Structure formats: structure tokens, C-alpha cells
Amino acid sequence: MVKTQLLVVGGGPAGLAAADTAASLGIQVLLVDEGRSLGGQLVKQTHKFFGSGEHHAGVRGIDIPQLLLKEGQDKITFKLNTTVIGCYQDRVLTALTGEDEYFKISPQAAIFATGASEKFLAFPGNDLPGVYGAGAVQTLMNQYGVLPGNRVLMVGAGNIGIIVSYQLLQAGVQVAAVVEAAPQIGGYLVHASKLARAGVPILTRHTILAARGKEAVESAVIARLDDNWQVVPGSQQELEVDVVCLAVGLSPVVDLLRQAGCRTRYVPELGGDVPVRDSLLRTSQEWIYVAGDVAGVEEASAAMVEGRLAGAAAAKQLGADVAAADEIIARSQASLKALRGGPVGEKIRSGIAKLEGGIANA
Amino acid sequence: MRRITKHPILQFEEKPVITFTFEGRKLQGREGDTIASALHANGIKVLSHSRRYHRPRGFFCAIGKCSACLMTVNGTPNVRACVEPLVEGMDVRRQPATGGELKW
Ligand SMILES: Cc1cc2nc3c(=O)[nH]c(=O)nc-3n(C[C@H](O)[C@H](O)[C@H](O)COP(=O)(O)OP(=O)(O)OC[C@H]3O[C@@H](n4cnc5c(N)ncnc54)[C@H](O)[C@@H]3O)c2cc1C
Ligand code: FES
């Protein structure tokens with residue numbers, strides 16, 4: 001049994017910020033991640049980040065992990081290549097390093113920063129090799145330097161669909177089209193106009209009907225949708241592509257939290273089933289906190305600030321200096337409020353309002 | 001052949017070659033590859049077949065979350081090819097989607 005004051009599950013921006021903050025407040029931290037390197041989703045993001053300077057805007061995602069670990073480094077034990085596979089209500093977690101080193105962890109508190117996973121879409125042929133999630137395409141290209149194919153149909157014109165399309169062009173892959181069922185482009189227009197300038201059609205009010213091919217994708221059928229989301233008869237076109245890339249959203253990875261007895265609630269604004277938590281990111285299990293995409297799908301900047309908030313709150317619960325922790329908590333809450341301000345944050349704000357009441361009401 | 005050589009932001013230097021076998025056939029990958037990335041670079045997208053209809057299956061998430069990429073490696077079934085690092089001399093094989101025949 002490995003004992004630690006605080007266990008952080010996941011070493012993406014949220015987990016790193018949480019571990020660093022708690023450690024800087026004097027807490028002993030164990031951070032585990034199933035990957036071979038730290039950084040989570042950041043390691044495949046080659047574009048410069050949007051957002052404010054305080055949250056590393058203008059820095060490429062791949063360079064952020066080093067910046068996040070400042071003060072607490074030497075109080076954190078890192079265990080990579082380690083997957084947490086069980087989480088029990090008596091505060092014991094089970095983990096597996098590689099294929100055969102199995103062990104138990106008993107922490108006084110835990111922060112889950114396990115991120116989100118890609119949503120799937122139902123259409124004939126969606127099981128063919130060549131139908132890939134946007135994250136997979138990014139991983140293949142930007143981490144392993146392998147081309148996903150020659151010609152891609154991108155499904156989804158949110159930030160991820162638009163950015164990955166641009167990254168495909170940079171890697172020398174053709175993008176036949178980007179289809180988006182909604183009437184407008186969801187992603188930032190800076191990136192969308194880069195695509196448009198490169199001659200990639202972004203077809204709003206269009207969807208994929210089928211992927212075709214024998215051993216792998218050889219073509220995809222797309223069609224126009226009317227205002228009631230029905231296919232416009234005769235609008236079908238078949239595009240010759242060898243990859244269909246799905247960028248239709250992410251949902252929080254909450255299975256371990258459920259196992260531990262944390263209450264979840266379906267909140268579409270935040271990506272699906274999300275753990276119910278209070279304004280300190282504490283779940284319905286008093287020893288478990290959440291931070292980052294697992295607490296509601298947002299962006300890396302919010303994930304980092306949530307990490308600091310949860311890290312400080314957990315540290316306070318574990319006996320760290322109250323004034324120092326409170327200061328970080330207040331600063332992080334103000335920073336989150338600013339990040340979620342304005343019309344862009346509207347959806348997130350209404351989603352979170354549904355969750356924070358949850359613990360008191362239930 | 002299907003690797004990125006020129007990129008405006010990233011640098012992919014030539015990494016040392018790793019030799020492995022796929023369905024008994026000798027193939028080459030590069031240091032830092034996973035099994036799936038090495039196979040993909042060799043033009044191999046079909047990693048297994050579905051159990052009932054024998055439909056081809058490839059990877060989907062590439063981060064170890066969806067189980068679309070399970071293969072038999074050095075005799076061990078159900079290894080996630082998308083996250084398992086490629087190792088010199090590995091014996092990689094396709095498997096039925098369940099990892100073997102189910103007996104009820
Ligand atoms: C294409 C794309 C572009 C983006 N661009 C931007 C941008 O420009 N600006 C921006 O702010 N945001 C951007 N984002 C969003 C941002 O990447 C995410 O919001 C952020 O990475 C979420 O951080 P996280 O720490 O919550 O999760 P992740 O980064 O997903 O990290 C989760 C970590 O947990 C680990 N893990 C999960 N389960 C377990 C387990 N059971 N045991 C052990 N470890 C586990 C994983 O290995 C992973 O390392 C982009 C995302 C994508 C996909
Ligand atoms: S492709 Fe999803 S687990 Fe490997």
C-alpha cells in the first residue's frame with residue numbers, strides 16, 4: 001500500500017497545476033498518469049494558445065507543461081505509465097504500472113483530473129478503419145509524426161475540428177471539406193479563415209450520412225440539412241477520402257468517480273455526465289476533488305485555474321496554512337469568473353450553476 | 001513512406017529503426033512508435049476483425065480509452081496497440097475482437 005497525503009490522478013494541465021499548488025503549500029503529492037509523458041492533451045497541440053497571457057496564451061501547447069511546475073516540484077512524486085483502475089469508498093485506489101506492477105494507494109484526499117474522451121457519431125460504416133477521433137489524428141501526426149491518410153473529411157467545425165484541419169494541412173494532408181450540422185461555425189474565426197484561405201470548404205448545415213469502403217474508408221457521403229435538421233433530398237454528394245475525422249465534442253471521463261460513489265448529473269452544456277461539486281470543486285465524496293475537463297469540458301486555461309483551486313482547497317483540508325490556501329482559492333475563483341465572463345462563457349456558466357447546487361439539494 | 005518529413009512547427013528527426021513482425025511478416029518501425037503508429041506508417045490500418053461479421057477494425061481514439069485497437073502481442077491477447085510502445089523483435093498479430101473464441 002502506497003501512502004500519500006494527496007493523490008492527483010492525471011497529469012494534464014489541470015493535474016499538473018493541482019499538484020504544483022498543493023505541493024507549494026507543503027503537501028506531499030503523488031501524481032500518476034497513464035501516459036509516458038506529462039501534459040495530457042497539451043502535448044499534441046502545436047498551435048499557439050488563445051486566451052490571456054496569465055494563462056500562457058501565445059505559447060504553444062507542447063511547451064506548457066514545463067511552465068506549470070514551478071514551486072512544488074520536489075514535493076511531488078511522479079509515477080508515469082500508471083493507470084488508476086479502481087477507486088473505492090474506503091479511500092483505497094488500485095493502480096497498474098505497465099502490464100504487471102499492480103498496487104494500492106491510500107491517500108488522505110484525491111484530485112481527479114482525468115480529462116475527457118471523444119464522442120462518437122452513429123452512421124453506417126462508422127466502424128471502418130480510417131474513421132478516427134480528432135484527438136487520434138492529432139496524436140498520430142504531432143506525437144508520432146505519422147500521416148493519418150491522404151485526404152480527410154472533417155466532421156465538426158468547433159474549435160477542435162477547425163484546428164485539427166489546419167494541422168492536417170500543415171502536415172501536408174488534404175482536407176476535402178469540413179462539415180458542420182449547425183448553421184454557423186463554432187470555432188474561433190481566426191483559425192477558420194486560415195482554412196478558408198487555403199481553399200478548404202467549410203459546409204455548415206451539412207452532415208455525414210455514411211462512410212464507405214471495403215477494408216478501410218474509401219469515400220464518405222455528405223448531405224445538406226434543412227432548418228429541421230432533416231436531409232435535403234438530392235443534396236447527397238460522395239467525397240473521395242481515406243480518413244473521416246470526428247470532432248463532435250468530448251465528454252468527461254467519470255467512471256472512476258462513479259465507482260467511488262460521487263454523484264453525477266447530466267449537463268449537456270458541460271459535455272454529458274459531470275460530477276456534482278461545490279464551488280471548491282469538491283464532489284459529493286468529501287475526500288475527492290475534480291479539476292479540468294473531467295469537471296466539465298472547457299479549455300486548457302480553465303483547466304489550469306481549476307487545478308490551482310482544487311489543489312489549494314484540498315491542501316487546506318489536509319491542514320496546510322489556511323491564509324495561504326484561502327488566498328489562492330480567492331484568486332482562482334476570481335480568475336475563473338473572468339475566464340467565463342461575457343457571452344462566450346454563457347453556456348459554461350449555466351452548466352455549472354446546475355452542478356454547484358447539486359450537493360446542497362441532494 | 002507515410003511519415004511526416006517536413007513540418008512548419010514540429011521537427012521529426014530520423015529515429016533509429018525497430019524491427020518487428022506483423023502476422024509473421026517483418027516490418028520496420030521507429031523508436032518512439034507505438035504498435036499502431038508503426039503499423040499505420042506501414043500502411044496497415046486493419047488491426048482486428050469483428051467477431052460475428054468479421055468487419056475490419058482499426059484504432060479510433062489513439063489514447064488507450066476505447067478498446068478499438070486490441071491485438072495479440074507476444075502471445076498476450078487484448079494489448080492496446082495504440083499506446084503500447086513498439087519493442088525490437090515484437091510479435092504482433094490480429095485477433096478476433098474478443099481476443100479469442102468465447103465458449104459459453
Ligand atoms: C485539438 C484541440 C485543441 C485545443 N486547443 C486549445 C487551445 O488553444 N486553448 C485552450 O485553452 N484549450 C485548448 N484545448 C483544450 C485543452 O487541451 C483541454 O481542455 C485540456 O487539456 C484539459 O486538461 P485536463 O488536465 O483536464 O485533461 P487532459 O489534458 O485530457 O489530461 C488528462 C490526463 O489524465 C490522464 N488519465 C486519465 N485517466 C487516467 C487514469 N485512470 N489513470 C491515470 N491517468 C489517467 C491522461 O493520460 C491525461 O494525461 C484543445 C483541445 C484539443 C483536443
Ligand atoms: S484506439 Fe482507443 S484504445 Fe486504442
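The chains referred to below are lettered A, B, ... by the order of the sequence lines, with proteins before strands, and numbering in each begins at 1. Note that the structure is a prediction, hence the values are computed from the model and not measured.
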| query | Which bit of T34(B) is near chain A, if near means a heavy-atom gap under 4.5 Å: side chain, backbone, both or neither? | reply | both
| Salt bridge D255(A)-K65(B), side-chain N to carboxylate O under 4.0 Å | no
| Options V173(A), L246(A), N150(A), ranked by heavy-atom pairs under 4.5 Å with chain B, top entry | N150(A)
| chain A contact via K45(B) - side chain, backbone, both or neither, heavy atoms under 4.5 Å | both
| request: Counting only heavy atoms closer than 4.5 Å, note whether V46(B) contacts chain A via side chain, backbone, both or neither. | output: both
| Sequence neighbours excluded - side-chain hydrogen bond (donor to acceptor under 3.5 Å, both in side chains) pairs with any residue from residues 120-133 of chain A | D127(A)-R55(B), D127(A)-R57(B), Y132(A)-H40(B)
| Which one of G64(B), A36(B), G58(B), P56(B) has the most heavy-atom pairs closer than 4.5 Å to chain A? | P56(B)
| task | Would you tell me whether E34(A) and N81(A) have side-chain atoms, one donor and one acceptor, within less than 3.5 Å of each other? | result | no
| task | May I ask you to say whether D33(A) pairs ionically with K79(A), meaning some side-chain N is under 4.0 Å from a carboxylate O? | result | no
| Donor-acceptor pair between Q41(A) and D293(A) side chains, under 3.5 angstrom | no
| remark: Residue from A171(A), S117(A), G130(A), A134(A) scoring the most non-hydrogen pairs under 4.5 Å with chain B is A171(A)
